[in-house]
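Below: one structure, written as structure tokens.
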Amino acid sequence: MIISEQKAIILLNKGYVIGVPTDTVYGFCSLEENTIKIYNMKKRSLNKPLIKMINNRKMIGKYDEKLNRYFSCYWPGQYTCIIEQNGQLNSYRIPNEPNLLSLIKVINKPLLTTSANITREEPCLSAQEFQERFKTIPLLEEKIKSSKSKKASKIYICINNKKKQERKVI
């Protein structure tokens with residue numbers, strides 16, 4: 001079932017998980033207080049944090065300004081930056097996907113996301129595949145068509161203002 005941005009906002013605020021297009025693969029998303037539903041759907045370990053999709057750097061909150069050069073190089077785009085905040089690691093990404101960016105802007109909160117798949121299975125690469133595999137999960141409509149890389153985002157771990165590691169994840 002394809003849903004409008006307005007319907008997506010209503011469902012997210014009611015605690016639902018929805019499907020979203022990204023600039024990489026299709027994903028699941030929810031508001032932070034409902035992420036347990038994503039973990040259960042994916043059969044994902046609670047030790048694997050979700051990515052906070054944001055539409056601007058202000059949504060990160062307080063961070064060391066030296067990280068700005070990393071953010072400027074990678075965003076918007078297919079890069080997830082893991083940064084340490086108050087002794088905890090948080091993953092952020094600003095996608096280069098207009099439909100998702102619009103949803104985040106209107107809801108004005110980070111959306112916690114992960115690829116649309118069951119753990120250890122391949123992620124969905126098209127809206128059609130998403131709808132076939134996850135018939136009961138609403139999918140945000142793509143009013144604006146955009147290209148997808150069909151590869152998971154790259155992860156950059158930035159601790160103490162240094163890029164420590166790069167790896168790909170699904």
Side-chain angles (χ1 to χ4, degrees), residues 1-9 11-13 16-32 34-35 37-39 41-44 48-60 70-83 89-158 166-170:
M1 155 184 35
I2 302 290
I3 58 170
S4 69
E5 183 179 271
Q6 289 304 322
K7 181 70 173 176
I9 292 165
L11 292 175
L12 287 167
N13 282 321
Y16 286 80
V17 170
I18 66 167
V20 292
T22 77
D23 48 351
T24 56
V25 298
Y26 284 74
F28 295 131
C29 79
S30 74
L31 295 176
E32 189 163 14
N34 299 306
T35 56
K37 293 175 183 179
I38 293 176
Y39 283 98
M41 285 170 47
K42 282 187 65 104
K43 301 174 184 165
R44 180 180 174 115
K48 296 180 87 178
L50 302 177
I51 297 169
K52 294 179 182 184
M53 289 284 197
I54 57 177
N55 72 333
N56 66 68
R57 289 181 244 168
K58 292 177 186 172
M59 287 184 137
I60 293 174
Y70 290 121
F71 299 150
S72 297
C73 291
Y74 302 133
W75 290 339
Q78 303 168 5
Y79 299 93
T80 299
C81 291
I82 299 176
I83 62 173
L89 296 179
N90 289 300
S91 304
Y92 293 96
R93 183 155 89 89
I94 299 177
N96 192 12
E97 204 294 324
N99 304 286
L100 181 53
L101 286 172
S102 178
L103 176 62
I104 297 167
K105 182 178 182 179
V106 173
I107 205 158
N108 199 30
K109 297 177 189 174
L111 292 177
L112 277 82
T113 64
T114 184
S115 56
N117 62 305
I118 304 302
T119 299
R120 291 190 230 17
E121 291 181 6
E122 293 298 314
C124 292
L125 302 178
S126 69
Q128 180 179 348
E129 182 181 1
F130 182 96
Q131 291 178 292
E132 288 169 2
R133 287 173 59 187
F134 302 104
K135 294 176 178 25
T136 61
I137 300 172
L139 177 62
L140 178 67
E141 74 178 317
E142 293 182 69
K143 283 180 155 178
I144 302 169
K145 294 292 180 192
S146 63
S147 61
K148 316 274 184 259
S149 73
K150 300 187 180 188
K151 296 177 184 177
S153 67
K154 289 186 180 181
I155 303 274
Y156 291 92
I157 301 173
C158 304
E166 175 185 341
R167 63 186 171 110
K168 290 173 73 172
V169 297
I170 293 181

Asn56 side chain to Met59 backbone, donor-acceptor under 3.5 Å: yes
Reference residue Val20; test side chain to side chain contact (heavy atoms under 4.5 Å, CB included); the match among Ile104, Leu140, Leu139: Leu140
Any Asn34 side-chain heavy atom under 4.5 Å of Val17 side chain: no
Derivation and outcome, side-chain contact (heavy atoms from CB on, under 4.5 Å), residues Lys52 and Glu32: CA-CA 9 Å; Lys52 294 179 182 184; Glu32 189 163 14; 3.9 Å; yes
Residues, nucleotides or ligands: over 12 heavy atoms within 6.0 Å of Tyr39 OH: yes
Nearest heavy atoms of Ser91 and Thr80, plus distance in Å: CB-CG2, 3.8 Å
Ile137 side chain near Met41 side chain, heavy-atom distance below 4.5 Å: yes
Atom pair CG/CG of Leu112 and Leu12 - distance to nearest 0.5 Å: 11.0 Å
side-chain contact (heavy atoms from CB on, under 4.5 Å) between Glu142 and Glu97, intermediate numbers included: CA-CA 10 Å; Glu142 293 182 69; Glu97 204 294 324; 4.1 Å; yes
Nearest-0.5 Å distance that lies between atom CG in Leu111 and atom CG in Leu103: 5.0 Å
From Cys29 atom SG to Ile51 atom CD1, the distance as rounded to the nearest 0.5 Å: 12.0 Å
Inter- and intrachain pairs under salt bridge (charged side-chain N to carboxylate O under 4.0 Å, His left out), touching residues 130-141, at least two apart: Glu121-Arg133, Glu129-Arg133
Expected output: side-chain Asn99 to main-chain Lys143 donor-acceptor under 3.5 Å: yes
Short side-chain to backbone donor-acceptor contact, Glu122 and Asn117, under 3.5 Å: no
Atom pair CD1/OG1 of Ile18 and Thr113 - distance to nearest 0.5 Å: 11.0 Å
Between Lys42 and Ser115: side-chain donor-acceptor atoms closer than 3.5 Å: yes
Rounded distance [0.5 Å steps], CD1 in Ile3 versus OH in Tyr16: 11.0 Å
Sequence-distant partners of Leu101, side chain to side chain contact (heavy atoms under 4.5 Å, CB included), two or more places apart: Asn55, Ile94, Pro95
OH on Tyr26 to CD on Gln131, rounded to 0.5 Å: 9.0 Å
More than 12 heavy atoms from other groups under 6.0 Å of NZ on Lys37: yes
Flag side-chain contact, heavy atom, 4.5 Å: Arg93 against Asp23: yes
Backbone of Pro49 reached by a side-chain donor or acceptor of Arg44 within 3.5 Å: yes
Residues which pass ring-ring contact (aromatic ring centres under 6.0 Å, His included) with Phe134, listed by chain and number, not counting sequence neighbours: Phe28, Phe130
Over all atoms of both residues, closest heavy-atom pair of Tyr74 and Cys81: CD1-SG, 3.9 Å
